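Contents: one structure, followed by commentary.
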Amino acid sequence: MKSYLNICNHILQTGKCSENRTGEKVIRVATGETFVHDMEMGFPLLTTKEMKLKNVATELEFFIKGITDKQWLRKHGCNIWNKWASKPKWEPVYNLTIKEFPEAFGREPTEKEMDIIKNKCIDNERDLGPVYGFQWRHFGGEYQFNPERINKDPTDNFNPEKPGFDQIADILRVLKLPTDVRVKDDKARRMVVSAWNPMEESKMGLPPCHFAFNLLLDDDRLNLTWTQRSCDMFLGVPYNIASYALLLMLFAKEANLKPGILKGELHDAHIYENHISQMREQILRQPYELPTVEIPDENWKGMLAWNAANGFKLQNYKHHSKLQGDVAR
């Protein structure tokens, strides 16, 4: 994963200090960076710090199935989305203010106090809004989050009369077309999935950072390029790399192809100031040989039914120790 470390080092060496919505300053390269990896070289899971592929896989299953319930992730041991929610309920703010900041009683809470209270409300809310998976599976559909329905079926978050367009299912259909049909109809260059929907952005707990991906055939190999508008290089991008590598493997298995080139177009590539020391330490570490990942046949029932719990086998993962960093939200 020298390519990832080289990008991070380039940002540290040439990036400019900049402010952003989180309040935590970053060093950024606004012209972007490009990550490229050949899947034949191994699975691109960072070895310069420990990463939990189970977490990545669980979030990917969440996307593929179009789920938007934060509670589903928590039940499956994944806390990646804990700090976001679509429409947090503000009713308890007053009582929470009195409980958390009794000295604020009788006066308006400060901005910092309100931020703390609002974040607590967000932490307790389940609905993430029509984020990634909903756009992948129901683009243009009508989003509905009814806890009673969601409790029975976590994928039941849309109006059945307006389900929208299933981008993932359509790509699977195209991948299974005869080669001559794909070429004649130019379908092979139109295997694009978009999570960016400006009509729905205000309803999302967090607008998509990695907002589109494109699959391309290369003889018996399948390549994937994803595009990312905002790139947290220390915490987020390592997960994105592993997630899209796993997604590429799933598409390839469904189509009986080999995973080929994984490419990431990283637009606003940045390192938060409170991650700089961890990043510098990581760059100094010598990477180990990459592990391998297998999608086992015994549990395979197709990509849309894929289950992260028993849907992959990580082998020979040797890594350095953990490096911690706070999420900016």
Side-chain angles (χ1 to χ4, degrees), residues 1-13 15 27 29 32-61 63 77-80 209-210 213 221-226 228 231-253 258-266 269-272 274-296 308-327:
M1 291 287 283
K2 282 284 189 181
S3 55
Y4 165 78
L5 296 176
N6 289 342
I7 289 172
C8 294
N9 189 53
H10 182 251
I11 295 170
L12 288 174
Q13 296 297 324
I27 297 176
V29 174
E33 303 280 355
T34 301
F35 170 84
V36 180
H37 175 73
D38 190 333
M39 294 293 289
E40 287 189 354
M41 304 302 293
F43 189 85
L45 190 66
L46 284 190
T47 64
T48 45
K49 68 175 182 180
E50 183 182 9
M51 289 187 61
K52 302 294 185 182
L53 187 58
K54 177 66 181 299
N55 243 12
V56 178
T58 300
E59 185 194 43
L60 181 60
E61 179 188 349
F63 290 163
C78 180
N79 296 303
I80 294 174
C209 295
H210 46 101
F213 67 87
R221 302 219 308 169
L222 185 65
N223 302 332
L224 185 152
T225 296
W226 87 89
Q228 191 157 340
C231 313
D232 174 355
M233 295 303 300
F234 179 68
L235 288 178
V237 170
Y239 270 77
N240 303 139
I241 291 171
S243 181
Y244 277 108
L246 196 52
L247 182 64
L248 173 55
M249 292 184 69
L250 292 173
F251 273 118
K253 186 173 183 67
K258 297 176 183 177
I261 300 298
L262 177 69
K263 183 179 179 182
E265 297 290 350
L266 311 176
H270 52 262
I271 299 171
Y272 285 96
N274 61 344
H275 296 160
I276 290 176
S277 61
Q278 302 95 309
M279 187 63 83
R280 291 192 188 282
E281 181 179 347
Q282 189 176 195
I283 289 171
L284 292 175
R285 293 176 173 182
Q286 184 64 34
Y288 294 116
E289 186 174 340
L290 289 177
T292 59
V293 168
E294 175 192 353
I295 309 295
N310 55 20
F312 72 93
K313 293 179 180 179
L314 174 64
Q315 299 168 324
N316 303 315
Y317 182 39
K318 185 179 180 181
H319 54 80
H320 289 268
S321 60
K322 288 183 179 180
L323 289 173
Q324 300 288 352
D326 292 331
V327 176

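Small disclaimer: the values here were computed from a predicted structure and weren't measured.
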Is it the case that the side chain of [X] and the backbone of [Y] share a donor-acceptor pair, with hydrogens and angles ignored and the cut-off at 3.5 Å?
X      : Y      : result
Arg285 : Ser321 : yes
His320 : Tyr288 : no
Tyr272 : Phe234 : no

Just how far is it from atom [atom1] of [X] to atom [atom2] of [Y], taken to the nearest 0.5 Å?
X      : Y      : atom1 : atom2 : result
Glu265 : Thr34  : CD    : OG1   : 4.0 Å
Gln324 : Asn274 : CD    : CG    : 12.5 Å
Asp38  : Leu262 : CG    : CG    : 10.0 Å
Thr48  : Gln282 : OG1   : CD    : 3.5 Å
Gln286 : Leu5   : CD    : CG    : 9.5 Å
Asn9   : Ile7   : CG    : CD1   : 11.0 Å

Legend entry - With sequence neighbours excluded, residues passing salt bridge (charged side-chain N to carboxylate O under 4.0 Å, His left out) with Glu33: none
Beyond-backbone contact of [X] with [Y], side-chain heavy atoms, under 4.5 angstrom:
X      : Y      : value
Trp226 : Leu266 : yes
Pro287 : Met1   : no
Val36  : Ser3   : no
Ile276 : Arg280 : yes
Phe312 : Ile295 : yes
Met39  : Ile261 : no
Ile283 : Leu12  : yes

Inset, instruction - Check whether more than 12 heavy atoms from other residues, nucleotides or ligands sit under 6.0 Å from atom NZ of Lys263, and answer yes or no. - result: no
Inset, instruction - Mark yes when over 12 heavy atoms from residues, nucleotides or ligands other than Glu294 sit less than 6.0 Å from its CD; otherwise mark no. - result: yes
I need the minimum non-hydrogen distance between [X] and [Y], along with the two atoms involved.
X      : Y      : value
Lys54  : Ala309 : CE-CA, 4.0 Å
Lys49  : His319 : O-CB, 4.1 Å
Gly260 : Arg221 : CA-CZ, 3.6 Å
Pro291 : Thr47  : CD-CG2, 4.4 Å
Met279 : Tyr4   : CE-OH, 3.6 Å
Ala252 : Pro259 : CB-N, 3.9 Å

Inset, instruction - Apply side chain to side chain contact (heavy atoms under 4.5 Å, CB included) to the pair His270 and Asp232, showing each step before the final yes or no. - result: CA-CA 6 Å; His270 52 262; Asp232 174 355; 4.2 Å; yes
Residues 235-251, side-chain donor-acceptor partners within the protein, below 3.5 Å, at least two apart:
unit_1	atom_1	unit_2	atom_2	d
Asn240	OD1	Gln228	NE2	2.8
Tyr244	OH	His210	ND1	2.8

Inset, instruction - Apply the test side chain to side chain contact (heavy atoms under 4.5 Å, CB included) to residues Val293 and Leu45: give CA-CA distance (whole Å), side-chain angles for both, the deciding distance (0.1 Å), then the verdict. - result: CA-CA 10 Å; Val293 168; Leu45 190 66; over 6 Å; no
